[in-house]
Amino acid sequence: MLDKGNAIAAAMIANEQNTLLQSDQSVQARYLSATGDQEGADLLNQQVSAAQEIQQLQDNWRGFLGDNFADNVTYQQQLADLEKTQNAERLQIQQEYQEKALEAQKAAQEQALEYQSEANEKLESVFDSLDTYEKGLTTSDASPLSVADQYKAANDNLHTDYQAAGWEFDALSALQTDMQNFLSLSQKFNGGGAAYVSDFNMVQPSSRRWVAWI
């Protein structure tokens, strides 16, 4: 009788200790949630819930069969089913957060690529502006070249861009400026004579061709 009383007292103490432990774990889960670790909170809550379910199952069978319930085959099967279900639920929580982490990582990578693309476009625009400025410098008022050399440079620029305009957008967009610079320098170099008229007649059909093509 004394041994049975001691066993009952030990069981009651163990139950109280489990209750206190689970209460503390619930508080820890709340703290994890409040500090941003929702996955840790969900896993800890699931752990507490799982322990309570097992305890409830054991209490039910103990009330039915007494302290020897653990040897019952049906109880063992129910416990195995419960633990299998709890493990699946825990795995599901982990997988859900893993998927969320992968989605966040993918979104961050896409955002980084978008920023990189924007930066590359801006950089390319700067280089294009510098290239245009450098190309136009030789035919500008600031050029140290003679009018004859500027006229030759303008002619070279026009023909280079004209030949590349079929497949290069930058060359096509530069054609109007090239034509204007070329005709302006042709007028300076050739005056208003036949050579200028020849240059004008050469440029005009070219411009019409590209307008029609666009």
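Both backbone and side-chain heavy atoms feed into the values below; hydrogens, waters and symmetry mates do not. None of these values were measured; they are calculated from a predicted model.
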List the atom pairs, with distances to 0.1 Å, where a side-chain N or O of residues 117-127 and a protein N or O form a donor-acceptor pair under 3.5 Å, not counting sequence neighbours.
{"residue": "Asn120", "atom": "OD1", "partner": "Gln116", "partner atom": "NE2", "Å": "3.0"}
{"residue": "Asn120", "atom": "ND2", "partner": "Gln116", "partner atom": "O", "Å": "3.3"}

**OP:** Using the salt bridge (charged side-chain N to carboxylate O under 4.0 Å, His left out) rule, take Arg62 and Asp59 through it: C-alpha gap first, then chi angles, then the decisive distance, then the call.
**Re:** CA-CA 5 Å; Arg62 183 178 288 107; Asp59 290 344; 3.2 Å; yes

**OP:** Indicate whether any N or O donor in one side chain lies under 3.5 Å from an N or O acceptor in the other, for Asp42 and Gln38.
**Re:**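 Indeed, the side chains of Asp42 and Gln38 share at least one donor-acceptor pair under 3.5 Å.
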
Keeping [X] on the side-chain end and [Y] on the backbone end, is there a donor-acceptor pair under 3.5 Å?
| X | Y | result |
| --- | --- | --- |
| Thr160 | Asp156 | yes |
| Gln76 | Ala70 | yes |
| Ser186 | Phe182 | no |

Original post:
Any idea how Phe189 and Tyr151 line up, ring-wise: parallel (<30°), tilted (30 to 60°), or perpendicular (>60°)?
Top reply: parallel

**OP:** Check the angle between the aromatic planes of Trp61 and Phe64 and answer parallel, tilted or perpendicular using the 30° and 60° thresholds.
**Re:**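 The arrangement is perpendicular - the two ring planes meet at more than 60°.
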
Subject >> ring-ring contact (aromatic ring centres under 6.0 Å, His included) partners for Tyr115, two or more places apart >> reply: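 Testing Tyr115 for ring-ring contact (aromatic ring centres under 6.0 Å, His included), a comparison that skips the adjacent residues, returns none.
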
Original post:
Got more than 12 heavy atoms from elsewhere within 6.0 Å of CD, Glu96?
Top reply: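 More than 12 heavy atoms, drawn from other residues, nucleotides or ligands, come within 6.0 Å of this atom.
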
Original post:
In chain order, what residues pass the salt bridge (charged side-chain N to carboxylate O under 4.0 Å, His left out) check against Lys100, with sequence neighbours excluded?
Top reply: none

**OP:** For the residue pair Asp81 and Lys84, establish whether any side-chain heavy-atom pair is separated by less than 4.5 Å.
**Re:**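 SC-SC contact between Asp81 and Lys84 confirmed.
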
Original post:
Under a 4.5 Å cut-off applied to non-hydrogen side-chain atoms, are Met202 and Leu158 in contact?
Top reply: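 Side-chain contact under 4.5 Å: yes.
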
**OP:** Work out which heavy atom in Gln46 is nearest to a heavy atom in Gln86; give both atom names and the distance.
**Re:**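 Nearest pair, atom of Gln46 first, then Gln86: NE2-O, 3.0 Å.
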
